[in-house]
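Working notes for the structure below.
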Amino acid sequence: MSRHHAEGTPEDEALRVCATALLFVRDEAKKLEELREFFRKITTPAIVGVQVAHTFASRQEADAWLASGTATDGQLVRVAGQGFTVVDHGPKGLKLVRIPLPEELPPHKPKQ
């Protein structure tokens, strides 16, 4: 493939990096599984990659969890079927902010 690109071009450099990475993975057997895991992680559809940390039946349960001190900034939770993210408001403490979960969004309609 590199014959199709002049030496020193960005495409030539990208091919060299890819070829080197393949040689590295081939020669370092333990790295192959790490590469597979990395590939799975970056190719997983976004909806599958969304991880809900906790599910609560009510807002009162979720607020009690926030007050317990175990919540961390950025966690995604489901409260009574709706998505929320934990946001750290500094001195004001942690707060739940509404953010729809993938299943709450309408199906994607490709542009025609």
Side-chain angles (χ1 to χ4, degrees):
M1 286 188 73
S2 65
R3 286 181 272 148
H4 301 291
H5 303 286
E7 191 171 330
T9 63
E11 294 84 1
D12 176 60
E13 180 64 21
L15 288 169
R16 288 177 189 274
V17 168
C18 290
T20 303
L22 290 172
L23 289 172
F24 177 76
V25 170
R26 183 196 70 189
D27 293 343
E28 298 286 334
K30 64 182 183 268
K31 297 292 184 186
L32 181 57
E33 190 52 42
E34 289 178 34
L35 176 65
R36 285 183 178 141
E37 182 57 35
F38 176 73
F39 182 77
R40 276 191 221 87
K41 191 184 313 180
I42 66 169
T43 58
T44 301
I47 193 166
V48 175
V50 174
Q51 300 294 320
V52 174
H54 298 283
T55 299
F56 303 98
S58 68
R59 181 63 188 249
Q60 291 77 17
E61 287 180 25
D63 287 338
W65 172 72
L66 277 179
S68 75
T70 59
T72 58
D73 184 57
Q75 282 184 304
L76 188 62
V77 298
R78 181 180 291 111
V79 180
Q82 295 184 320
F84 290 84
T85 188
V86 177
V87 176
D88 186 350
H89 281 277
K92 294 182 180 180
L94 298 174
K95 177 180 174 179
L96 290 177
V97 175
R98 179 78 168 96
I99 183 168
L101 296 170
E103 62 264 21
E104 294 179 74
L105 300 172
H108 174 68
K109 294 181 183 175
K111 293 181 182 179
Q112 296 184 18

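- T70 OG1 to L94 CG: the interatomic distance, rounded to the nearest 0.5 Å, is 9.5 Å.
- Distance check: E7 CD to E13 CD gives 10.0 Å after rounding to the nearest 0.5 Å.
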Verdict with reasoning, V77 to T55, per side-chain contact (heavy atoms from CB on, under 4.5 Å):
CA-CA 6 Å; V77 298; T55 299; over 6 Å; no

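- Put simply, CG on L66 and NE2 on H54 are 10.0 Å apart, with the number rounded to the nearest 0.5 Å.
- With sequence neighbours excluded, no residue satisfies side-chain hydrogen bond (donor to acceptor under 3.5 Å, both in side chains) with T85.
- Proximity of a side-chain donor or acceptor of R98 to a complementary backbone N or O of G83 within less than 3.5 Å is detected.
- Of all the heavy atoms in A57 and A80, the pair that sits closest is O-CB, 3.5 Å.
- Not a single side-chain hydrogen bond (donor to acceptor under 3.5 Å, both in side chains) links T20 to another residue, sequence neighbours left out.
- D73 contributes a side-chain N or O that, together with a main-chain N or O of D88, makes up a donor-acceptor pair within less than 3.5 Å.
- Under the 4.5 Å side-chain contact rule for hydrophobic residues, L101 and V79 do not share a cluster.
- Every side-chain hydrogen bond (donor to acceptor under 3.5 Å, both in side chains) that D63 has, sequence neighbours left out, goes to R59.
- To the nearest 0.5 Å, atom CD1 of residue I99 and atom CG of residue L76 are 6.5 Å apart.
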